[in-house]
Amino acid sequence: SVCTVYPPSGYDGFFQEKNVISVIKRFEFVAKLQRMSVIVKETSENFQRVYVKGSPEMLRELCKRETIPANFNDVLAQYTQSGLRVIACASKVLNNKIKISDDVERDEFEKDLEFLGFLIFQNKLKAATQPTIEKLKNAQIGTVMITGDNPLTAVCVARDCGIISPEGKSILVEMEVDDKDITKKHLSFKEIQVVGKPDLDRTADEGASRIDIKVDDINSEKYDHVETIATVKIEAIPDHLMPQYIQIIAQNQASIAITGEALSYLKKSHEHNELYKKILDNARVFARMRPDEKALVVEELKKRDNIVGMCGDGANDCPALKVASVGVSLSEADASIAAPFLSKITDISCIDILIREGRAALVTSAHMFKFMALYAMIQSVAAVCLYRSRTVFTNNAYMYQDIFLVLPLVITMSYTKAYHKLTVKTPSDRLLSAEVLFSVIGQICLVIVWQVLFIVYQFKHLRSSCSDLHRQLTGT
């Protein structure tokens with residue numbers, strides 16, 4: 001079916017009422033391709049046109065070189081360095097000989113495009129973002145950003161919300177197009193410096209201040225990694241450059257921002273295993289990440305014995321939400337199906353609540369286990385003591401114990417609330433941990449000691465009473 005768009009009645013703008021736009025075919029957004037497109041036709045024209053929108057880096061490769069402005073990179077950097085989201089737009093007139101059918105490949109339409117311009121979006125921070133990240137950092141819980149946005153935009157937002165220190169040094173690791181041959185790419189390291197002070201109080205309700213970022217090459221000498229369109233040729237990184245970057249990264253002297261393309265290259269390159277591990281340990285921003293690359297980051301962090309929580313609100317976050325130790329969906333869209341937790345709070349403050357409630361549930365479960373173990377042991381020791389006196393608990397005694405001692409304690413224990421703030425100390429995640437076992441065993445020992453002391457005292461008192469009675473009966 002063809003979707004037809006009519007201008008509003010009486011509209012006196014660019015489009016007249018006789019101009020009707022028919023949507024012939026739509027190619028949905030694919031994260032791997034980083035773009036979507038639509039084929040349309042106006043009634044006043046006898047040809048069809050395709051419009052494409054997507055990441056600037058991808059559309060730059062799909063557009064004709066003569067349509068790309070000379071200041072393309074400068075304008076893109078100007079907006080991304082200010083924390084704005086940028087989408088590129090392109091178009092072209094289709095050849096009438098091309099037949100549009102359901103099985104046609106989208107690559108036939110999404111090539112040799114004419115660049116149109118940029119769409120600029122400003123996504124302001126929510127009020128709860130920076131305070132929540134501050135709470136997590138105070139509790140020594142690491143926070144990283146995994147996003148599909150431009151790396152400079154991601155770094156700017158990360159500095160704004162506190163994931164990256166505004167005063168610290170940041171290094172951007174990405175694949176860069178070779179200046180001499182656009183079909184080749186090399187791995188590059190760039191140092192990112194903040195020009196001006198970021199506004200940490202910027203929220204969605206308050207105005208946003210501009211943050212400029214200056215990007216400088218750490219070293220002008222490039223890695224000799226060559227990637228062509230047809231085949232891939234990988235050469236080793238020069239040995240005299242490796243210690244410089246590894247030392248900076250290993251000593252945690254800088255916050256690392258890395259793109260998905262660079263991360264995938266390091267993952268596949270066996271020569272750089274040490275560098276790959278160091279970057280994963282120190283990276284704070286993962287930008288231009290496809291859904292499978294987001295899942296890769298989560299899995300790699302889990303391999304380092306981390307409990308990884310992931311929160312997201314889009315379909316691109318589903319793979320990462322599935323593999324995370326704890327996945328939280330911030331929307332009721334596709335992400336809610338993949339995530340085990342669905343938050344009605346549409347900001348990351350739900351993470352603070354989830355961690356505190358989870359810890360409270362874990363502590364309560366451990367205390368219930370200790371209580372049941374101690375209750376059974378105390379009752380057994382008491383029964384043994386009664387056996388020595390040739391007596392036992394009656395049924396009423398057991399009933400009174402359960403109703404007036406056990407039941408109120410169990411009910412009040414289950415109503416225990418979570419602590420009001422996150423702390424560095426975490427509860428044990430095992431019931432048979434040393435902390436729990438020593439607590440139970442120590443309490444059992446105390447009970448046995450007091451029961452034995454009571455028996456000894458009772459025995460001496462009974463013996464003394466029997467002696468007095470004997471003397472009274474014998475008259476001696």
Side-chain angles (χ1 to χ4, degrees), residues 125-126 128-149 151 154-173 192 198 200 246 248-260 262-263 266-267 274-287 289 293-312 317 319-328 330 339 341 343 347-359 362 419 421-429:
L125 287 179
K126 295 182 179 179
T129 301
Q130 198 273 335
T132 301
I133 292 177
E134 187 67 24
K135 291 178 183 178
L136 296 176
K137 293 175 67 175
N138 291 337
Q140 297 184 4
I141 299 175
T143 56
V144 300
M145 177 189 295
I146 308 178
T147 178
D149 289 338
V155 169
C156 184
V157 175
R159 288 182 183 273
D160 216 5
C161 65
I163 293 179
I164 293 179
S165 174
E167 294 79 15
K169 179 186 296 185
S170 299
I171 295 178
L172 173 61
V173 185
I192 303 176
L200 295 180
I246 292 180
I248 293 175
I249 296 173
Q251 294 180 357
N252 199 19
Q253 296 177 348
S255 300
I256 307 300
I258 185 170
T259 62
L263 186 69
L266 291 174
K267 171 70 173 178
E274 183 180 358
L275 182 61
Y276 176 70
K277 294 177 181 178
K278 297 296 184 182
I279 286 179
L280 276 177
D281 291 336
N282 296 284
R284 290 295 173 264
V285 175
F286 298 87
M289 289 281 165
E293 291 169 342
K294 291 183 179 181
L296 171 65
V297 173
V298 174
E299 289 176 339
E300 291 294 333
L301 293 176
K302 288 176 63 178
K303 289 179 182 178
R304 284 156 175 74
D305 296 329
N306 295 313
I307 298 176
V308 182
M310 171 73 184
C311 61
D317 300 320
L321 290 171
K322 287 182 179 180
V323 300
S325 305
V326 179
V328 182
L330 302 181
F341 291 95
S343 173
D347 55 56
I348 63 172
S349 63
C350 62
I351 299 298
D352 172 38
I353 300 173
L354 182 62
I355 295 176
R356 290 191 293 107
E357 292 294 340
R359 288 181 177 182
L362 187 59
Y419 193 56
K421 68 176 183 178
L422 287 175
T423 60
V424 177
K425 182 176 175 56
T426 59
S428 175
D429 58 350

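- Put simply, the side chain of Asn306 never gets that close to the backbone of Val308: no donor and acceptor are under 3.5 Å apart.
- Residues passing the side chain to side chain contact (heavy atoms under 4.5 Å, CB included) test with Ala257, sequence neighbours excluded: Val155, Leu172, Val285.
- The heavy-atom pair separating Asp149 from Ala287 by the smallest distance is O-CB, 3.5 Å.
- In this structure, OG1 in Thr129 is found 5.0 Å from CD1 in Ile348, a value given to the nearest 0.5 Å.
- Of all heavy-atom pairs between Met310 and Ala324, the closest is CB-CB, 3.7 Å.
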*Applying side-chain contact (heavy atoms from CB on, under 4.5 Å), run through Ile256 and Lys278 and close with a yes or a no.*
CA-CA 10 Å; Ile256 307 300; Lys278 297 296 184 182; over 6 Å; no

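- Here salt bridge (charged side-chain N to carboxylate O under 4.0 Å, His left out) pairs that include residues 138-148, with residues two or more places apart or in two chains, number zero.
- For the atom pair Arg359 CZ and Thr426 OG1, the distance stands at 6.0 Å (nearest 0.5 Å).
- Heavy atoms only, all atoms of each residue included: Thr259 and Pro151 are closest at CG2-CG, 3.9 Å.
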*Given side-chain contact (heavy atoms from CB on, under 4.5 Å), test Leu280 with Leu263 step by step and report yes or no.*
CA-CA 9 Å; Leu280 276 177; Leu263 186 69; 4.2 Å; yes

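- Considering all non-hydrogen atoms of both residues, Gln130 and Asp160 come closest at CG-O, 4.3 Å.
- For the pair Leu362 and Ser428, the tightest heavy-atom approach, listed with the atom from each and the gap, is CD2-O, 3.2 Å.
- Results of the side-chain contact (heavy atoms from CB on, under 4.5 Å) test with Ile258 over Val297, Ile171, Ile279, Asn282 single out Ile279 as the only residue that passes.
- Of the charged side-chain nitrogens involved, at least one lies within less than 4.0 Å of a carboxylate oxygen, so that Arg356 and Asp352 count as a salt-bridged pair.
- Arg284 places no side-chain N or O within 3.5 Å of a backbone atom of Ala158 that could act as its donor or acceptor partner.
- In this structure, Lys302 does not pair ionically with Glu299, as no charged nitrogen and carboxylate oxygen lie closer than 4.0 Å.
- The structure places CZ of Phe286 at 9.0 Å from CG of Leu296, a figure rounded to the nearest 0.5 Å.
- Taking CD1 from Ile351 and OG from Ser343, the interatomic distance works out to 7.5 Å, rounded to the nearest 0.5 Å.
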Side-chain donor-acceptor contacts of residues 132-146 below 3.5 Å, not counting sequence neighbours, with atom names and distances?
unit_1	atom_1	unit_2	atom_2	d
Thr132	OG1	Ala128	O	2.6
Lys137	NZ	Gly162	O	2.9
Asn138	ND2	Glu134	O	3.2

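- Rounding to the nearest 0.5 Å gives a distance of 12.5 Å between NZ of Lys267 and CD of Glu293.
- The OG atom of Ser255 sits 7.0 Å away from the CZ atom of Arg159 when rounded to the nearest 0.5 Å.
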